[in-house]
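Only this structure's heavy atoms are used, side chains among them; waters, hydrogens and symmetry mates stay out. Note that the numbering runs from 1 along the sequence shown for the chain.
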Amino acid sequence: MCKRLAIFLLLWLVAGASAWACTSAVVSGRVTPDGRPLLWKHRDSSDRNNRVVRFDAVKGQFSFVGLVNGVDTLAREVWTGYNSAGFAVMNTASYNLKNDTSSLADREGVVMKRALAVCRTVDDFERLLAEWPRPIGVEANFGVIDAEGGAAYFEVNNYEVFRYDAADSPDGYLLRTNYSMAGRPDEGLGYIRYDHAEELFAPVAEQKAVTAEWLTGVCSRSFYHAFLGRDFSGDNWVVDQDFIPRYSTSASLVVEGVRPGESPAFTTMWTVLGYPPCSVVLPVWLGCNSGVPALLQAQGDTVRSPLCEWSNALKQEAFPVKRGSGSHYLHMARLFRSDGSGITQQLLGLEKEVYARSRTLLDEARRSGSWNDRRVERTLGDIEQQVSAFFQQILSDENR
């Protein structure tokens, strides 16, 4: 045990200067129960206060919804989202693909916002990248899906684009963390997280059972460590290193697409704002008037979403040590308890209810061919009240 802990601490020290580290997947309909593709982004960011913004169509372009940083008051960048044509995009930073000395960088959010405004398909995104003035100002793995069955990653640096289609994968899905397959071998970040994601995905994909519920409920809340070979969710204290959820995690999103021939109005962005072990999912539907929950949007003059604020407050219970290197130490016993009363366990129970009620709405809309805006508004309002009351209670209990 001491030897394993020593290895764990060494890994933390070696990777102490890590940049923002996301874990992601592009999933074809071949490995989902209903044949609909999925786009998953588990996001790490320096800005912990994410929100969802709805953008209206302008000058013949598409309307879209997207994840925006709290400090980005004018919403100039989008970090995951989808549009009214059913096209969706996200990214993970890459750290082994750049091969030039250009100082232009960190333009991924600008590229994705533009793509959501003008792209209908995966091929449109490829054309957008080809036509973008060089240097592009990015070093990233962009994941995309569309309403015509397209699903791919584009590994992109300032001058080059490498495309990988999920259709060409024998597994039916593709994964990316913070290195690129076309990049320099053994450079970049996220190898241990990639290995864990692969271990999670392989058996579930083989059963054609990859769902949004599984991605947010299992993958984004898993504390298995692939290098050390064990699950730490039963421990008391652990070093927060190389898990999929990290102290820097600010959101987890799954865009559930549509089957070819279905209306893109039924595309759904299942959204967990904040630290996923201390948050809960809410659906986002661009296809109806009341489909973006108020708890995910900015409130008042703060440019912050209530759900993200509540999650960040709960996260302080999981990372209670403030002095020195305290933020590296996770009090796991706050999240998981033997009697099932841990923060994460309680929120997973709530999340199951949110999914059940939301899927009832979504299934009804698919069957009828259109959204019932009044029913969506009433049901989402009830869900938001339930979520709000739950967080107020759990925050009150934790602060006693």
Report, as yes or no, whether the 6.0 Å neighbourhood of atom [atom1] on [X] holds more than 12 heavy atoms from other residues, nucleotides or ligands.
X	atom1	answer
Arg374	CZ	no
Glu206	CD	no
Arg76	CZ	no
Arg304	CZ	no
Glu199	CD	yes

Taking only residues two or more places apart in sequence, or in another chain, which ones meet [X] in a side-chain contact (heavy atoms from CB on, under 4.5 Å)?
X	answer
Asp339	Arg337, Ser341
Asp186	none
Thr360	Glu364, Arg375

Worksheet item: Are Asn69 and Trp79 close enough, and set up right, to give a side-chain contact (heavy atoms from CB on, under 4.5 Å), and what steps lead you there?
Response: CA-CA 8 Å; Asn69 284 332; Trp79 296 99; 3.3 Å; yes
Distance from [X] atom [atom1] to [Y] atom [atom2], nearest 0.5 Å?
X	Y	atom1	atom2	result
Asn141	Lys41	CG	NZ	10.5 Å
Asn83	Leu116	CG	CG	6.0 Å
Asp124	Leu129	CG	CG	11.0 Å
Tyr164	Leu174	OH	CG	10.0 Å
Arg176	Ser24	CZ	OG	8.0 Å
Asp382	Gln386	CG	CD	8.5 Å

Practice prompt. Please state whether the rings of Trp270 and Tyr355 are parallel, tilted or perpendicular, taking 30° and 60° as the class boundaries.
Written response: tilted
Item to complete: Report the C-alpha separation of Lys113 and Glu77 in whole Å, then their side-chain angles, then the decisive distance to 0.1 Å, and conclude whether the salt bridge (charged side-chain N to carboxylate O under 4.0 Å, His left out) test is met.
Response: CA-CA 6 Å; Lys113 184 178 180 181; Glu77 301 173 326; over 6 Å; no
Discussion item. Working note: Thr249 + Arg43, criterion side-chain contact (heavy atoms from CB on, under 4.5 Å); need CA distance, chi angles, decisive distance, verdict.
Written reply: CA-CA 6 Å; Thr249 299; Arg43 188 188 188 211; 5.9 Å; no
Decide whether [X] and [Y] meet the rule of one side-chain donor and one side-chain acceptor closer than 3.5 Å.
X	Y	answer
Glu351	Thr216	yes
Asp47	Ser45	no
Ser250	Asn50	yes
Gln316	Asn312	no

Discussion item. Could you work out, with salt bridge (charged side-chain N to carboxylate O under 4.0 Å, His left out) as the rule, every residue matching Arg259, not counting sequence neighbours?
Written reply: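 Checked Arg259 against salt bridge (charged side-chain N to carboxylate O under 4.0 Å, His left out); matches are Glu262.
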Worksheet item: Quick one: are the ring centres of Tyr179 and Tyr191 less than 6.0 Å apart?
Response: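 Judged by ring-centre distance (under 6.0 Å), Tyr179 and Tyr191 do meet the cut-off.
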Worksheet item: Are Phe162 and Phe154 close enough that their ring centers fall under 6.0 Å?
Response: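 Judged by ring-centre distance (under 6.0 Å), Phe162 and Phe154 do not meet the cut-off.
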Item to complete: Give the minimum heavy-atom separation between Gly66 and Phe55, together with the two atoms involved.
Response: N-CE1, 4.3 Å
Worksheet item: Looking at Phe201 and Cys219, what are the two nearest heavy atoms and their distance?
Response: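 Closest heavy-atom pair between Phe201 and Cys219: CE1-SG, 4.3 Å.
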Practice prompt. With the side chain counted from C-beta on, respond yes when Ser94 and Asn96 share a heavy-atom pair under 4.5 Å apart, and no when they do not.
Written response: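 Answer yes - side chains close enough.
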Fill in: Phe142 vs Tyr153 side-chain heavy atoms within contact, under 4.5 Å
no
Could you check whether [X] pairs with [Y] (Lys NZ or Arg NE/NH1/NH2 to Asp/Glu carboxylate O, under 4.0 Å)?
X	Y	value
Glu256	Arg366	yes
Asp44	Arg193	no
Lys352	Glu213	no
Arg163	Asp165	yes

Name the atoms and distances for all side-chain donor-acceptor pairs under 3.5 Å in residues 281-290, with sequence neighbours left out.
from, atom 1, to, atom 2, distance (Å)
Trp285, NE1, Thr268, OG1, 2.8
Asn289, ND2, Asp373, OD2, 3.2

Worksheet item: Do Phe319 and Tyr247 pass the ring pair (Phe, Tyr, Trp, His ring centres under 6.0 Å) test, and can you show the C-alpha distance, the side-chain angles, and the key distance before you say yes or no?
Response: CA-CA 8 Å; Phe319 293 90; Tyr247 182 82; 4.8 Å; yes
Response to the item:
side chain to side chain contact (heavy atoms under 4.5 Å, CB included) test vs Met112 passes for just one of Val138, Asn91, Leu67, namely Asn91
Worksheet item: Within 45 degrees of the axis of the six-membered ring of Phe243 and under 6.0 Å from its centre: does Arg246 put its NZ or CZ there?
Response: no
Worksheet entry | Qualifying salt bridge (Lys or Arg N to Asp or Glu O under 4.0 Å) pairs, either residue in residues 101-110, two or more places apart |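 As it turns out, there is no salt bridge (Lys or Arg N to Asp or Glu O under 4.0 Å) pair with a partner in residues 101-110 once direct neighbours are skipped.
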Worksheet item: Are Val53 and Gln297 close enough, and set up right, to give a side-chain contact (heavy atoms from CB on, under 4.5 Å), and what steps lead you there?
Response: CA-CA 6 Å; Val53 176; Gln297 300 184 64; over 6 Å; no
